[in-house]
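Working notes for the structure below.
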Amino acid sequence: GFKAAVRPFLFHHVGRKMWSPARSLACSGPGPASASQCHGASLTHKHALSRLKVVCGFACIAVVAMFLFKQRHWHPFSSVGWDFNAGTGTLAQVVNLAAHAPTRLAFPNDFEGISGRCPKGFDCGGHARVCENPPRQHTCNHPGVGKLSGKQYLTVGNDFGTAHAQSRVFYMPTEINTIDLLYAGGAHLESGFYVHLFEDDRVICHISSGDETNVFKRYQCNNLIEYQKKPVYICVMDNQKSHWGKVLIDDIHFKDQFGVDLDLGDAKPMVGQQSMPDCTKIHTNIVTA
């Protein structure tokens with residue numbers, strides 16, 4: 001395809017000027033030729049060679065760029081909500097930006113470093129994704145949002161919609177005493193931040209607030225030492241269809257009795273579980289207020 005495209009271009013723009021029978025005979029034939037004719041032919045020939053070099057240079061650059069593109073799988077559209085389909089060579093828009101992230105759950109978790117999609121270590125449903133301040137998406141526009149830990153936070157639900165974010169199963173760290181986080185929004189009926197025991201789905205921590213504000217406040221669950229080393233999972237639920245029916249979460253910490261952060265890095269995931277919990281089957285009551 002490249003040769004077929006370049007060949008007509010070379011012939012049209014370069015080839016005809018490189019070879020001119022009239023000029024060649026004027027300078028090399030048996031008859032007299034003026035100096036200006038030969039000089040003009042020489043200049044034309046030099047210009048044609050220069051053009052050929054330029055065209056060949058650009059062609060080589062294009063070939064090298066295509067090679068690097070294939071080798072390194074460089075996807076310039078991926079950062080703006082597009083994905084490259086390597087099988088068909090086409091671009092397809094990523095519709096479900098809330099698809100689960102493949103990386104592991106980590107604490108403390110301030111939701112920085114990923115935007116517009118489900119946070120790492122979680123699976124999401126409905127309008128649940130990491131938002132930023134100032135917002136880049138209309139659905140992340142929460143007027144007056146403030147007192148967050150950085151520039152990004154988790155939003156679950158949006159007024160009259162419902163949504164959820166569920167973590168992978170992981171082990172509570174040794175010497176756990178407190179779960180500490182920032183909370184905003186207004187969904188509090190059958191909604192909020194939950195930590196469940198994996199063995200029986202029992203709730204061991206629940207944080208919610210009906211303050212109806214986009215300004216974050218800090219909340220805690222305490223006296224959790226009896227659950228150390230137990231497998232647990234997190235459900236962040238918005239089951240409230242109303243004005244201010246949303247949950248905003250930021251800056252989750254697991255701490256010991258002295259307020260020191262535990263598990264600085266990846267949370268230890270549970271391995272070999274036979275069945276995964278489902279937050280939507282545990283928190284089934286939808287409230288309209």
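M237 is not listed as a side-chain neighbour of I282, based on a closest heavy-atom distance of 4.5 Å or more. Between Q240 and H188 the shortest side-chain heavy-atom distance falls below 4.5 Å. Between T139 and H127, the closest side-chain pair of non-hydrogen atoms falls below 4.5 Å. In this structure, L248 and H142 have side chains that are in contact, with non-hydrogen atoms separated by less than 4.5 Å. Using a 4.5 Å heavy-atom cutoff, the side chains of V195 and Y233 are not in contact. The shortest side-chain heavy-atom distance between Y183 and K217 does not fall under the 4.5 Å cut-off. With a 4.5 Å cut-off on side-chain heavy atoms, I176 and K255 do not count as touching. Considering only heavy atoms from C-beta on, P277 comes within 4.5 Å of V169 through its side chain.
Here the CG-CZ distance, from D200 to R202, works out to 5.0 Å after rounding to the nearest 0.5 Å. Between the OG1 atom of T284 and the CD atom of E190 there is a distance of 8.0 Å, given to the nearest 0.5 Å. Rounding to the nearest 0.5 Å gives a distance of 9.0 Å between CG of N214 and CG of N141. The CZ atom of R117 lies 11.5 Å from the SG atom of C124; values are rounded to the nearest 0.5 Å.
A pairwise comparison of heavy atoms in V215 and K147 identifies CG1-CD, 3.7 Å as the closest pair. For I249 against Y153, the heavy-atom pair with the smallest separation is O-CB, 3.5 Å. Closest non-hydrogen pair, Q257 versus N177, comes out as N-CB, 3.6 Å. Shown here for V247 and S191, the closest heavy-atom pair between the two residues is CG2-CB, 4.5 Å. Nearest approach of L154 to R129, heavy atoms of both residues: CD1-O, 3.6 Å. Across every non-hydrogen atom of S208 and A187, the tightest pair is CB-O, 4.4 Å.
Under the 4.5 Å side-chain heavy-atom criterion for ILVMFWY residues, no single connected hydrophobic cluster contains both L148 and V130. Note: the hydrophobic cluster containing F122 also contains I179 (ILVMFWY, side chain heavy atoms under 4.5 Å, direct or indirect links). Hydrophobic clustering keeps F216 apart from I234 (ILVMFWY residues linked when any side-chain heavy atoms are closer than 4.5 Å, directly or through intermediates). V145 and I114 sit in two unconnected hydrophobic clusters of ILVMFWY residues. Membership requires side-chain heavy atoms under 4.5 Å apart, directly or through other members. Y219 and W244 fall into different hydrophobic clusters, where Ile, Leu, Val, Met, Phe, Trp and Tyr side chains are chained together by heavy-atom contacts under 4.5 Å.
A distance-only check finds a donor-acceptor pair linking the side chain of D256 to the backbone of G259 [under 3.5 Å].
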Yes or no on side chain to side chain contact (heavy atoms under 4.5 Å, CB included) for I286 and K241, after CA distance, side-chain angles and deciding distance? CA-CA 7 Å; I286 307 298; K241 294 183 176 182; 3.9 Å; yes
I would like to know whether F111 and K120 meet side chain to side chain contact (heavy atoms under 4.5 Å, CB included); could you show each step before the answer? CA-CA 8 Å; F111 304 103; K120 58 185 179 181; over 6 Å; no
Between L181 and I207, does a side chain to side chain contact (heavy atoms under 4.5 Å, CB included) hold up when you go through it step by step? CA-CA 9 Å; L181 57 81; I207 294 173; 3.8 Å; yes
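In the model, D261 has a side-chain atom that pairs as donor or acceptor with a side-chain atom of H253 under 3.5 Å. D238 and T162 form no side-chain donor-acceptor contact under 3.5 Å, judged by distance and modelled atom types alone. Using modelled atom types, one finds a donor on one side chain and an acceptor on the other under 3.5 Å when comparing T280 with D278.
With sequence neighbours left out, the side-chain hydrogen bond (donor to acceptor under 3.5 Å, both in side chains) criterion links H164 to no other residue.
Remark: aromatic rings of H206 and F193 are distant, center separation not under 6.0 Å.
Aromatic ring pairs are classed by plane angle as parallel below 30°, tilted from 30° to 60° and perpendicular above 60°; the pair Y194 and H283 is tilted. Between F107 and F170, the ring-plane angle classifies as tilted under the 30° and 60° cut-offs.
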Could you go through residues 220-232 and list every donor-acceptor pair under 3.5 Å that involves a side-chain atom there, pairing it with any protein atom two or more places apart or in another chain?
from : atom 1 : to   : atom 2 : distance (Å)
Q220 : NE2    : D180 : OD2    : 2.9
N222 : OD1    : T178 : OG1    : 2.9
Q228 : OE1    : E175 : N      : 2.8

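Within the structure, the disulfide (SG to SG under 2.5 Å) test picks out the following pairs touching residues 136-183 (sequence neighbours left out): C131-C140.
Checked options T155, N109, D110; the residue passing with D250 is D110 (criterion: side chain to side chain contact (heavy atoms under 4.5 Å, CB included)).
Crowding of R218 atom CZ: a count of heavy atoms from other residues, nucleotides or ligands under 6.0 Å exceeding 12.
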